[in-house]
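Labels below follow one simple rule: chain letters A, B, ... track the order of the sequence lines, proteins then strands, and each chain is numbered from 1.
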Protein chains: 2
Amino acid sequence: MKKKFYDFCKKNNLKVTPQRIEIYKIVINSKEHPSLSMVYKSVKKKFPNISIDTVYRTLRKFVEIGIVKEVENYEDFRRYDGFTENHHHFHCIKCYKIFDIPYNEVGKLSINDFFNKNFEILDYKIILKGICKKCKSKKENTKNPLGF
Amino acid sequence: MKKKFYDFCKKNNLKVTPQRIEIYKIVINSKEHPSLSMVYKSVKKKFPNISIDTVYRTLRKFVEIGIVKEVENYEDFRRYDGFTENHHHFHCIKCYKIFDIPYNEVGKLSINDFFNKNFEILDYKIILKGICKKCKSKKENTKNPLGF
DNA sequence: CTTTTTGCAAAGCGTTTGCATTGAA
DNA sequence: TTCAATGCAAACGCTTTGCAAAAAG
């Protein structure tokens with residue numbers, strides 16, 4: 001684990017600083033998939049003077065080099081849906097469009113027993129990512145249709 | 001559709017204003033699951049003087065009364081994950097913890113043919129929501145473990 | 001020694017709030 | 001005529017940026 005960290009840093013020309021080591025440890029050891037403010041509070045125990053932007057920059061770096069991932073259901077902007085029945089979504093990574101997918105167009109999901117014993121599942125969503133038909137036939141897509 | 005809107009407004013003591021009608025139309029008719037700024041740009045065509053906070057307030061109201069939904073993968077804060085292998089997540093709605101779920105603990109998803117013909121699926125994530133074992137045995141959970 | 005990283009402060013930007021005015025019922 | 005909604009401006013909170021000092025390699 002420590003080796004993995006050093007390797008990633010070396011490979012990506014990142015200097016290994018005590019702050020980075022500590023932030024990495026916190027993310028790895030946390031069972032809660034911490035938010036930034038949680039990481040910040042935690043690092044401060046060891047480095048009371050650390051500034052919050054160091055945490056921001058460090059986590060961004062970690063995501064960039066792939067040693068840490070962002071939990072999937074975060075996007076920069078809220079988006080709205082007038083179709084209020086329960087359904088899934090397909091996200092096109094090229095044009096940023098989101099397509100509604102009715103339940104029956106995706107195979108039914110069967111949750112296994114172990115899982116059902118430990119969690120009460122109220123709802124689930126399948127989020128598919130890929131490229132829509134239109135974008136597959138285009139060379140490139142430069143325009144951002146969302147207007148930002 | 002128009003009737004649905006009037007009914008929802010009446011039931012929830014919302015006044016039917018031209019701005020609200022227009023915003024609702026935009027969300028309903030958009031195929032793109034618009035972001036706020038896209039809605040804003042769109043309403044401005046009809047109401048050049050509309051202020052952005054009206055759009056904010058209106059969309060919030062709509063979500064509140066349930067006539068519009070927020071696309072699921074939006075959360076207020078980024079959260080981080082040191083487990084970089086591909087896996088699913090279970091979100092506890094009580095304690096806000098996110099649990100890692102290996103692929104094999106959830107039944108395999110079979111995508112049907114229609115779907116595969118129209119979309120190139122690069123990845124999919126199953127996001128389960130519910131209540132974890134610990135929270136099921138508790139009466140209430142007042143503490144927010146994420147630190148915000 | 002050179003180059004990156006840190007901490008600080010200020011700026012940026014999406015979102016929310018207070019308030020007087022306007023408009024729906 | 002009453003009470004909610006709008007538009008405006010200011011405030012708010014999370015995130016980013018510029019820069020000099022400090023630390024890593």
Side-chain angles (χ1 to χ4, degrees), chain A residues 2 5-24 26 34-65 67-68 70-71 74-80 96 144 146-148, chain B residues 2 5-26 34-65 67-68 70-71 74-80 144 146-148:
Chain A
K2 203 164 189 176
F5 182 66
Y6 278 80
D7 286 351
F8 259 80
C9 287
K10 180 160 248 176
K11 209 187 331 176
N12 294 279
N13 294 318
L14 295 197
K15 290 184 175 171
V16 175
T17 66
Q19 291 95 327
R20 281 177 173 166
I21 293 170
E22 182 64 12
I23 291 173
Y24 182 64
I26 289 166
S35 64
L36 180 129
S37 70
M38 193 184 174
V39 174
Y40 180 53
K41 281 190 183 169
S42 203
V43 202
K44 277 184 103 163
K45 288 175 198 158
K46 201 159 187 174
F47 297 95
N49 290 325
I50 197 169
S51 66
I52 197 162
D53 48 283
T54 297
V55 183
Y56 273 104
R57 273 185 282 227
T58 303
L59 287 173
R60 241 190 300 157
K61 267 285 176 215
F62 286 174
V63 171
E64 197 185 310
I65 69 174
I67 201 168
V68 161
E70 288 180 3
V71 172
Y74 177 85
E75 287 195 5
D76 288 323
F77 300 88
R78 277 192 180 87
R79 292 175 67 175
Y80 297 91
Y96 297 95
N144 181 334
L146 293 177
F148 49 77
Chain B
K2 203 164 187 176
F5 182 67
Y6 277 79
D7 287 351
F8 260 80
C9 286
K10 180 159 248 177
K11 210 186 332 176
N12 293 279
N13 294 316
L14 295 197
K15 290 182 176 170
V16 175
T17 66
Q19 291 95 327
R20 280 176 174 167
I21 293 170
E22 181 65 12
I23 290 173
Y24 182 64
K25 272 191 201 159
I26 289 166
S35 64
L36 179 130
S37 70
M38 194 184 174
V39 174
Y40 180 53
K41 281 192 182 168
S42 202
V43 202
K44 276 185 102 163
K45 288 175 196 157
K46 202 160 189 175
F47 299 95
N49 290 325
I50 197 170
S51 65
I52 197 161
D53 48 284
T54 298
V55 184
Y56 273 106
R57 271 185 284 227
T58 303
L59 287 173
R60 240 190 301 157
K61 267 286 177 214
F62 285 175
V63 171
E64 197 184 309
I65 70 177
I67 201 168
V68 161
E70 288 179 3
V71 172
Y74 177 85
E75 287 195 5
D76 287 323
F77 299 89
R78 278 191 180 88
R79 291 175 68 175
Y80 297 91
N144 180 332
L146 293 178
F148 47 79

To the nearest Å, give me how far apart [atom1] ([X]) and [atom2] ([N]) are.
X       : N      : atom1 : atom2 : result
A:Lys10 : D:dA24 : NZ    : P     : 16 Å
A:Lys61 : C:dT3  : NZ    : C1'   : 13 Å
A:Glu22 : C:dT5  : CD    : C1'   : 17 Å
B:Ile21 : C:dG23 : CD1   : P     : 15 Å
A:Asn49 : D:dA22 : CG    : C1'   : 13 Å
B:Phe47 : C:dG23 : CZ    : P     : 12 Å
A:Glu70 : D:dT15 : CD    : C1'   : 13 Å
B:Arg79 : D:dT15 : CZ    : C1'   : 19 Å

Margin query: Contact between B:Ile50 and B:Tyr40 at the side-chain level, heavy atoms closer than 4.5 Å - yes or no?
Written below: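 Sidechains of B:Tyr40 and B:Ile50: in contact.
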Which residue, A:Thr54, A:Ile52, A:Leu59, forms the side chain to side chain contact (heavy atoms under 4.5 Å, CB included) with A:Tyr56?
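By the side chain to side chain contact (heavy atoms under 4.5 Å, CB included) criterion, A:Tyr56 pairs with just one of A:Thr54, A:Ile52, A:Leu59: A:Ile52.
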Result block: side-chain N/O donor-acceptor pairs under 3.5 angstrom for residues 13-23 of chain B, not counting sequence neighbours:
| unit_1 | atom_1 | unit_2 | atom_2 | d |
| --- | --- | --- | --- | --- |
| B:Thr17 | OG1 | B:Arg20 | N | 3.2 |
| B:Arg20 | NH1 | B:Lys15 | O | 2.9 |

Distances under 3.5 Å between nitrogen or oxygen atoms of protein and nucleotides 18-21 of chain D:
| unit_1 | atom_1 | unit_2 | atom_2 | d |
| --- | --- | --- | --- | --- |
| D:dG18 | O6 | A:Arg57 | NH1 | 3.4 |

OP1 or OP2 of [N] versus the side-chain N and O atoms of [X]: is any pair under 4.0 Å?
X       : N      : value
A:Arg20 : D:dA24 : no
B:Tyr56 : C:dT16 : no
B:Thr54 : D:dG7  : yes

Inter-residue atom distance [X].[atom1] - [Y].[atom2], 0.5 Å rounding:
X       : Y       : atom1 : atom2 : result
B:Arg60 : B:Leu36 : CZ    : CG    : 10.5 Å
A:Asn49 : A:Lys44 : CG    : NZ    : 8.5 Å
A:Ile65 : A:Phe5  : CD1   : CZ    : 7.0 Å

key: Touch class at under 4.0 angstrom, heavy-atom based, for A:Ile52 against every strand present   = nothing
| message | Below 30° counts as parallel, above 60° as perpendicular, anything between as tilted: where do the rings of A:Tyr24 and A:Phe62 land? | response |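 Because their plane-to-plane angle is over 60°, the rings of A:Tyr24 and A:Phe62 count as perpendicular.
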Under a 4.0 Å heavy-atom cutoff, the residues of residues 11-19 of chain B touching DNA chain D are B:Leu14, B:Lys15, B:Thr17, B:Gln19
